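Note that the coordinates shown come from a computational prediction; the quantities given were computed from them, not determined experimentally. Side-chain atoms are counted along with the backbone in the values below, which use heavy atoms only and exclude waters and symmetry mates.
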Amino acid sequence: MKEEIFIGVAWPYANGSLHLGHIAGCYLPADIFARFCRMNNKNVLMVSGSDEHGTPITITAEKEKTTPKNIVDRYHQEHIENMEQFGISFDLFTRTTTENHKEVVQEIFKTLHKKNYIYRKSVEAYFCKNCNRFLPDRYIEGTCQNCYHENARGDQCDECGNIHDPQDLVEVKCKICGNSPEIRTSDHLFLALSKFEKKLKKWIEDKKYWKSSVFKFTKNWLNQGLHDRAITRDMTWGIDVPIKGFEDKRIYVWFDAVIGYLAASKEWSNNSDDSDKWIKWWKNNKSKHYYFLAKDNIPFHTLIWPSILMGYDDSLNLPYDVPANEYLKIKGEQFSKSKGFGVWVPEVLKKFDADSIRYYLSINMPENKDSNWSWNDFIIKNNDELVGTYGNFIHRVFTFSYKNFGKIPKRYNLDDLDKITLDKINKTSIELKKSLNKCNFKKGLRIAMNLAQHGNYYFDQKQPWNLIKSDEERCSTSLNICLSIVNALAVFMSPYLPFSSQKIWEMLGNTTNISDLNWDESISTLNVNYTLEKPKTLFDKLSIEEGMIEEDLFSNVDLRVAKVIDVKDHPDADKLLILQIDLGELGKRVIVAGIKKFYTKEEILGKNIIIVTNLKPAKIRGVQSNGMLLAASDSTGLVSLLNPDNSNPGSRIFIDGIKHNPDYILEFEKFKEIKMKVNEKQQIVYKNKILKSEKGPVFCDKNVKKGAIVS
RNA sequence: AGCGGGGUGGGGUAGCCAGGAGAUCCCGACGGGCCCAUAACCCGUAGAUCAGUGGUUCGAAUCCACUCCCCGCUACCA
């Protein structure tokens with residue numbers, strides 16, 4: 001009897017392209033798990049789809065002067081393509097605008113209403129007459145009563161952090177059109193989450209096997225008491241509320257989207273030969289439900305969705321595990337659609353193999369803490385690990401076998417190392433299964449890579465290039481064992497690297513689809529005597545330039561050597577000095593610097609320092625500063641200038657390997673993102689590389705503590 | 001602000017919940033080997049007061065308390 005596994009993956013919002021954060025956060029881990037389960041006697045049903053309702057989509061549509069339908073059609077199509085190109089093996093990837101979805105959502109809505117889990121309540125909200133719509137919090141801004149900051153959001157002021165209700169703001173503006181909205185009352189339907197508290201508490205009791213972050217976070221929410229939440233909105237783009245008197249409202253997206261898991265399962269059944277098939281997964285106490293999502297989505301899946309399920313029909317399966325990931329970031333910043341900051345899936349797929357990306361995202365997955373996407377690290381890991389260790393092992397084995405035997409060679413007598421190696425294959429299989437069963441994907445990949453490394457070791461120890469001349473039987477045996485490793489690796493890696501695994505599988509003389517096969521059976525079959533084709537390499541090495549889709553932030557800054565030719569006190573400030581500096585070919589200019597506490601005028605006069613020349617000019621206490629000097633300040637508060645030795649004024653300060661392509665005007669915010677630190681040799685380090693002038697490395701002028709920050 | 005997560009050799013990480021010999025693995029550095037392979041591979045060496053302070057204990061990276069720093073959620077982007 002096969003065990004039923006349901007895998008639900010968070011629904012991507014159809015308001016923009018996917019970025020690598022989405023893939024690393026949930027689609028890739030879900031897919032690895034699904035592929036692994038299918039190969040290990042599990043009946044997997046994996047579904048998701050585009051989340052296509054809600055205000056942001058209508059706003060995008062207005063901006064582009066088109067319909068919401070057009071927007072979601074475009075991104076849904078793109079999502080489908082991207083999922084397929086990445087090899088995310090959904091059984092169904094649907095959307096929330098299908099007729100089926102609407103029916104299921106409305107049915108659940110009506111049932112919950114009938115059972116009194118949904119009730120009516122009147123609320124006050126801003127209404128923009130000009131836009132003719134109620135404004136969600138994120139589309140309101142006004143003046144904060146606390147600090148008088150003008151662009152406070154509806155829910156909180158970014159400036160002072162004060163939390164408030166939108167009604168507390170003064171001079172409220174609609175973020176869309178700029179007009180002043182008015183307060184109107186509106187009736188909404190609320191989901192009585194508070195009624196599920198007891199049941200949820202009981203349900204959560206035995207979930208100690210969840211990731212500690214997921215478990216603690218959920219428990220904490222529960223202990224603070226659940227608040228009922230509005231599940232309707234005043235808008236037109238969404239699912240109709242199936243209750244009288246709410247004809248002009250729509251069901252709120254978060255209620256709508258999670259129900260997609262059940263709706264999609266039903267849709268998948270309807271497409272199959274048996275429309276009741278979904279019941280095998282949903283009303284079966286042996287079936288396990290896994291939900292893959294990122295950390296911001298945890299309460300929706302561990303509290304709200306279970307509540308909906310319990311309230312609707314308590315024979316339905318609740319989540320078994322929610323292995324939520326943290327975030328994949330880039331340069332320590334969160335990927336963000338709104339800021340347009342991230343690595344976009346459609347672009348990345350044009351340039352790189354899906355398996356290359358899958359490898360890096362897997363080995364660098366944000367399983368327990370945020371991780372970073374780095375182009376440099378991506379290239380290093382691709383070249384050294386995927387190509388060097390893994391690809392090269394497979395290639396050298398195939399090439400040697402092809403050249404010297406032309407077919408898969410036979411196995412004769414085994415020596416100790418042969419036996420150890422064969423045993424290593426089995427041990428790897430057992431360990432890998434253990435890790436993958438627990439959703440430890442990073443560890444699993446390390447385990448598999450470890451076998452590839454052992455393969456290389458074995459190959460070196462055996463020296464088949466010598467054996468072929470002295471002892472053909474032993475050579476044949478060694479290669480047979482190497483190919484057994486290759487065979488096993490193809491199986492072990494297939495959840496992670498499905499495309500290349502399939503290629504290896506075919507190179508070994510199989511015509512089947514590796515992901516349809518049984519794990520244990522496949523690792524032990526080798527087609528001895530199969531005539532080998534001329535081997536081709538599986539992965540390509542990448543060069544740094546190829547990785548540089550996105551420029552390094554450092555490229556944007558123009559650093560130059562400057563000679564201080566005059567120093568004055570700032571008339572209205574006791575910490576500031578006004579420096580006149582000579583920038584050689586760039587001429588002379590005035591800057592303001594806050595270093596009076598650390599350097600006397602005499603000390604600084606005539607010194608060579610380093611200046612950011614393209615920083616947006618700023619008035620500092622009434623004096624315009626046309627640039628900023630670089631200094632290092634350590635944890636003790638000591639500040640040191642940077643010393644470019646006796647380089648010529650105007651000459652560039654640079655870092656090897658980073659292009660010089662400065663912005664015309666560099667925003668201060670952007671400059672702040674460039675994080676430079678002082679190392680133990682008093683050099684300035686940015687991303688592991690040191691800052692140089694034409695005379696060599698730049699040093700601190702005074703001795704500061706290691707780790708001092710340069711700004 | 002409240003809550004949660006994290007701070008481990010130059011970079012990135014495992015271990016922590018169930019405390020005990022040399023603190024894991026990958027990259028990088030250095031030295032050696034090999035030449036079948038995509039200048040790939042294999043072996044060895046150096047490098048960490050496990051953020052800080054105090055405590056519990058025969059013994060703490062691991063447990064407790066406090067402090068500092070980073071991140072997230074709360075608050076419609078995975």
Using the P atoms only, state how far G15(B) lies from C71(B), rounded to an integer number of Å. 23 Å

Could you say whether Leu293(A) or Asn466(A) is positioned toward the 5' end of RNA chain B, judged by the nucleotide with the nearest heavy atom to each? Asn466(A)

Taking the same atom, C1', in C27(B) and in C66(B), what whole-Å distance lies between them? 37 Å

For C3(B), give its Watson-Crick or G-U wobble partner with both distances under 3.5 Å, or none. G72(B)

Please confirm whether the shortest side-chain N or O distance from Lys403(A) to OP1 or OP2 of A37(B) is below 4.0 Å. yes

Distance, P atom - from C63(B) to A18(B), rounded to whole angstrom: 9 Å

Tell me if the aromatic rings of His395(A) and Phe398(A) count as close, with their centers under 6.0 Å from one another. no

Complementary nucleotide for A14(B) - Watson-Crick or wobble, under 3.5 Å: none

Base partner of C50(B), which must satisfy Watson-Crick or wobble distances under 3.5 Å: none

Among C35(B), C76(B), G5(B), the nucleotide that comes nearest once only the side chain of Arg233(A) is considered: C76(B)

Between Arg358(A) and Asp31(A), does any NZ, NE, NH1 or NH2 come within less than 4.0 Å of an OD or OE carboxylate oxygen? yes

Strictly under 4.0 angstrom, non-hydrogen atoms only: write out the protein contact profile of nucleotides 38-46 of chain B, one letter per nucleotide from the 5' end, B, S or -. B-SBSS---

Rounded to whole Å, how long is the line connecting atom NZ of Lys381(A) with atom C1' of C25(B)? 11 Å

Nearest-angstrom distance, P atom, A61(B) to G9(B): 14 Å

Measure from the side-chain heavy atoms of Tyr327(A) and tell me the nearest of A14(B), G72(B), C26(B). G72(B)

Would Trp465(A) pass as stacked on C36(B), i.e. its ring centre under 5.5 Å from the base's six-membered ring centre and planes under 30° apart? yes

U45(B): pairing nucleotide in any strand, Watson-Crick or G-U under 3.5 angstrom: A29(B)

If the threshold is 4.0 Å, N to carboxylate O, is there a salt bridge linking Asp321(A) and Lys211(A)? no

When you compare C34(B) with G19(B), how far apart are their P atoms, in angstrom units rounded to a whole number? 49 Å

Taking the P atom in each of U13(B) and G4(B), what is the distance between them to the nearest angstrom? 23 Å

So which nucleotide from A37(B), A14(B), C26(B) ends up closest to the side chain of Lys442(A)? A14(B)

Between A23(B) and C36(B), how far is it from one P atom to the other, in whole Å? 40 Å

